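Before any comments, here is the structure.
Computed from a predicted model, the values in this text were never measured in an experiment. Quick note: numbers below take in every heavy atom, side chains included, and nothing from hydrogens, waters or symmetry partners. Read the numbers this way: they start at 1 and go in the same order the structure lists the ligands and their atoms.
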Amino acid sequence: MKVICTSPSFAKYDQQPIKLLNDAGLELIMLPADAGLEALAPHLEQTVAMIVAFTDVNAGLIAAAPNLKIVCKHGVGVDNIDLNATREKGIFVTNVPDANKHAVADFAFSLILNCARQLPYAIEQTRAGNWPRIFASDVYGKTIGIIGLGNIGKQVALRARGFNMRVLAHDAWQDAQFAADNHIEYVSLDELTEQSDFITLHTPLTPETKNLFDLAQMKKMKSTSYLINVSRGGVVNEEDLFLALTQGVIKGAAADVFLQEPCNSHPLFALDNFIPTAHIAGYTEGAISNIGEQCVYNIIEHVIHQRKPKNIMNGL
Ligand SMILES: NC(=O)C1=CN([C@@H]2O[C@H](COP(=O)(O)OP(=O)(O)OC[C@H]3O[C@@H](n4cnc5c(N)ncnc54)[C@H](O)[C@@H]3O)[C@@H](O)[C@H]2O)C=CC1
Ligand SMILES: O=C(O)C(=O)COP(=O)(O)O
């Protein structure tokens, strides 16, 4: 019985998840994150479980894996997994909510600070011997707009309160108690967009959130404001973001996620008012160890003990 893993961060710091699989008699096959169907094919017949980062788990892959019982997202977002096709075949899809929330919230906040202080540009210019005097935007006391006040969004809100920020939130579902306890105001998407100095995105990618920030929405932002995206590439329209950044519609932006990943070149990468990172927001030692162990726990629970796994995402 094979377990295919395409998450580059699986067991990166801690070998315990590998030991647990071996002890359970499961053979781990590690493949690159961007391994396509061709690379997976020789193993699929004997595969009972998959641990994936961004592998496109589509109907074709599922049809080629007749013994597949569970697909574990090594993280939170399951937008790369066909939830209907897996459900029809009785294959569980699970994720690991909560595990990387501190890592991702820290990262989002670091992007806010990096945008405001133009740190990448400041460092580059200082290294080049230009001793740049950069006059920056304030963060302390400004207004932040958090779209998607879930596990990660809430952690961003708590960090923002530490910076004495006014915290606006927009979410399809509201946690009135958390908002009241932490001085957070739920507002409409447009109110948040118009009033925020920093907008940070923390929704899943769904049909409702796809292209949530297109040029029309960006035009509602203050021209002095910044857009931070650590959710998924498709939530922001990248061509429209390029226009907004080059035409002065907004002051700056940062993204850890892109429509096509890996993304080795992109017109946005050339802009001084855009900070790109390579989908690393969740990559800290604590976050990654937790995630690997929880994926393996679910696999053993279901494949070996025939019990229901935790955190089922496809309604089985
Ligand atoms: N860059 C990275 O490495 C990482 C990115 N992510 C992304 O961040 C997303 C959020 O993660 P969590 O906070 O852990 O998930 P979560 O499920 O705890 O929170 C998501 C929030 O978005 C809200 N939401 C859903 N649809 C909405 C809509 N149409 N409009 C407004 N709000 C909506 C939900 O009600 C929920 O409160 C993930 O789905 C994933 O795509 C997550 C971890 C790491
Ligand atoms: O948790 C998520 O949704 C992420 O984006 C991070 O995924 P990864 O840790 O790269 O598998």
Is it the side chain, the backbone, both or neither of [X] that has a heavy atom closer than 4.0 Å to ligand 1?
X: Thr209; answer: side chain
X: Ile147; answer: neither
X: Val104; answer: side chain

Whether over 12 other heavy atoms sit under 6.0 Å from [X] [atom1]:
X: Arg87; atom1: CZ; answer: yes
X: Lys89; atom1: NZ; answer: no
X: Glu239; atom1: CD; answer: no

**Item:** Option among Asp171, Ile184, Ile199, Thr200 that satisfies the side-chain contact (heavy atoms from CB on, under 4.5 Å) test with Ile146
**Value:**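 Result: among Asp171, Ile184, Ile199, Thr200, Thr200 is the only option passing the side-chain contact (heavy atoms from CB on, under 4.5 Å) with Ile146.
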Identity of the nearest option to [atom], non-hydrogen atoms only, from [options]:
atom: atom 36 (C) of ligand 1; options: Asp171, Asp98, Thr206; result: Asp171
atom: atom 22 (O) of ligand 1; options: Gly150, Pro204, Ala172; result: Pro204
atom: atom 18 (O) of ligand 1; options: Ile152, Leu205, Asn151; result: Asn151

I'd like to check which ligand 1 atoms, numbered from 1 as shown, lie under 4.0 Å from a non-hydrogen atom of [X].
X: Leu149; answer: 37 (O)
X: Asp256; answer: 1 (N), 2 (C), 3 (O)
X: Gly282; answer: 3 (O)
X: His279; answer: 1 (N), 2 (C), 3 (O)
X: Ala281; answer: 1 (N), 2 (C), 3 (O)
X: Asn100; answer: 43 (C), 44 (C)
X: Glu208; answer: 29 (N)

**Prompt:** Relative to each other, are the rings of Phe92 and His302 parallel, tilted or perpendicular (30° and 60° limits)?
**Reply:**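 Ring orientation, 0 to 90° scale: perpendicular.
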**Message:** So that I can tick it off, tell me whether Arg166 and Glu185 are bridged by a salt bridge, with the cut-off set at under 4.0 angstrom between side-chain N and carboxylate O.
**Reply:**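 Yes, this pair counts.
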**Message:** I'd like to know if Glu301 and Arg307 make a salt bridge, using a cut-off of under 4.0 Å between side-chain N and carboxylate O.
**Reply:**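 Here Glu301 pairs with Arg307 in a salt bridge, since their nearest N and O are under 4.0 Å apart.
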**Message:** Looking at ligand 1, is there an atom of it that comes within less than 4.0 Å of some heavy atom belonging to Gly75?
**Reply:**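 In this structure, Gly75 fails to qualify as a contact of ligand 1 - no heavy atom is under 4.0 Å.
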**Prompt:** Would you say Arg232 contacts ligand 1, with heavy atoms under 4.0 Å as the rule?
**Reply:**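 Heavy atoms of Arg232 do come under 4.0 Å of ligand 1.
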**Item:** Nearest-0.5 Å distance, CG of residue Asn151 to CG of residue Asn100
**Value:**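 Asn151 atom CG to Asn100 atom CG measures 9.0 Å (nearest 0.5 Å).
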**Request:** Test Phe269 against Phe258 for ring-ring contact (aromatic ring centres under 6.0 Å, His included), laying out the working first.
**Result:** CA-CA 11 Å; Phe269 292 0; Phe258 293 86; 5.5 Å; yes
**Item:** Matching residue for Thr193 among Gln217, Lys220, Lys222 - test: side-chain hydrogen bond (donor to acceptor under 3.5 Å, both in side chains)
**Value:**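 Filter result, single survivor: Gln217.
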